[in-house]
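Read through the structure below, which is laid out as structure tokens, and then see the notes.
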Amino acid sequence: SSDLEKRRLTVAVKKKQQKSKSRSSLGILFEKGAAENYHSSQWRLEQWEQVCKVIQSTAWKSPDTKNGVSVSRFSFKEQDIVVLKIDGIAKAPPEVVFTYLQRATRCGGKLDYAFRNEKILEEIEDDPPGCVFQREFPVPLPRISARYLCALRSWVPPHCTPDGSCGLLVLSTTHPREPAP
């Protein structure tokens with residue numbers, strides 16, 4: 001569906017003043033053009049920079065905080081679609097949080113749900129590295145069929161960005177090897 005082609009999911013780890021802490025943010029944004037551009041490392045880094053700008057924006061509304069983690073939505077005056085941000089501080093340097101996120105999203109990790117039973121369609125080797133994967137998400141509701149997702153997953157290491165930000169960039173896309181649902 002066109003909504004799946006536009007969705008972008010990102011986890012950003014930004015350096016802060018204190019070395020012992022880093023801020024982690026998860027933002028769900030929407031983007032067009034992933035299918036045509038994801039092979040370009042420059043384009044992937046531009047998408048990362050755009051996500052970091054949106055995360056730092058002051059247009060976030062209705063924050064709900066629990067256990068030091070806040071969930072906010074982007075102002076509808078700024079964006080006519082729903083954009084969410086999950087934000088918290090980890091008592092660890094950004095590189096440690098980045099490594100944890102990489103391990104936690106692997107098969108069997110604490111955050112692997114989005115990637116369980118994924119089928120890798122294509123590996124991308126240049127910086128930032130990534131892959132295109134396909135995944136079916138079961139919906140635990142009667143008469144609702146499973147949802148399919150084809151996405152680019154790209155880990156953005158600190159050496160690829162001028163500000164040392166790092167994290168996970170996931171963009172919905174299409175792929176020639178993606179079978180129709």
Side-chain angles (χ1 to χ4, degrees), residues 1-13 23-35 38 44 47-48 50-51 54-55 57 59-76 78-90 92 97-124 128-156 166-181:
S1 101
S2 63
D3 282 348
L4 285 179
E5 293 172 7
K6 297 176 188 173
R7 192 173 312 143
R8 171 170 53 197
L9 170 69
T10 308
V11 176
V13 180
R23 175 170 297 281
S24 298
S25 299
L26 168 69
I28 300 174
L29 306 172
F30 291 81
E31 178 62 34
K32 295 180 181 177
Y38 68 76
R44 292 191 308 275
Q47 299 311 301
W48 179 256
Q50 179 63 27
V51 167
V54 170
I55 287 170
S57 169
W60 295 99
K61 302 292 182 197
S62 304
D64 182 27
T65 303
K66 183 177 180 180
N67 297 328
V69 176
S70 66
V71 179
S72 308
R73 70 171 172 77
F74 208 65
S75 168
F76 291 116
E78 302 292 325
Q79 202 64 277
D80 60 349
I81 55 176
V82 177
V83 180
L84 302 173
K85 176 174 79 166
I86 302 170
D87 193 40
I89 296 177
V97 175
F98 181 71
T99 301
Y100 169 77
L101 290 172
Q102 287 180 308
R103 290 181 183 156
T105 56
R106 288 186 194 139
C107 184
K110 292 186 180 284
L111 304 173
D112 76 339
Y113 177 75
F115 308 109
R116 275 185 214 150
N117 303 319
E118 69 184 359
K119 177 182 175 186
I120 303 293
L121 302 175
E122 180 181 355
E123 294 281 347
I124 301 170
C131 68
V132 176
F133 70 94
Q134 180 185 22
R135 164 90 160 74
E136 178 183 348
F137 290 92
V139 179
L141 297 171
R143 297 184 302 266
I144 305 280
S145 62
R147 301 296 184 230
Y148 292 87
L149 171 69
C150 181
L152 164 73
R153 176 177 58 226
S154 184
W155 287 102
V156 181
C166 56
L168 173 61
L169 178 67
V170 179
L171 300 153
S172 293
T173 188
T174 58
H175 193 273
R177 290 183 32 204
E178 174 189 12

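Position 1 is the first residue of the sequence; numbering continues from there.
Residues Arg44 and Trp48 have side chains not in contact (no heavy-atom distance under 4.5 Å, counting atoms from C-beta outward). Looking at Cys150 and Leu121, their side chains come closer than 4.5 Å, going by heavy atoms from C-beta outward. Taking the side chain as every heavy atom from C-beta outward, Ile120 and Arg153 approach each other to under 4.5 Å.
Across Phe115 and Leu168, no two heavy atoms sit closer than the pair CZ-CD2, 4.1 Å. Taking both residues in full, the closest heavy atoms of Pro138 and Ala146 are given as CA-CB, 4.2 Å, listed atom of the first, atom of the second, then distance. The nearest pair of heavy atoms linking Pro129 to Ser154 is O-OG, 3.1 Å.
For the atom pair Ile124 CD1 and Cys131 SG, the distance stands at 7.5 Å (nearest 0.5 Å). One finds the NZ atom of Lys119 at 14.5 Å from the CZ atom of Arg135 (value rounded to the nearest 0.5 Å). Here Leu149 contributes atom CG and Thr173 contributes atom OG1; the two are 10.0 Å apart, rounded to the nearest 0.5 Å.
Aromatic ring pairs are classed by plane angle as parallel below 30°, tilted from 30° to 60° and perpendicular above 60°; the pair Tyr38 and His175 is parallel.
For Arg116, the salt bridge (Lys or Arg N to Asp or Glu O under 4.0 Å) partners at least two apart in sequence or on another chain are Asp112.
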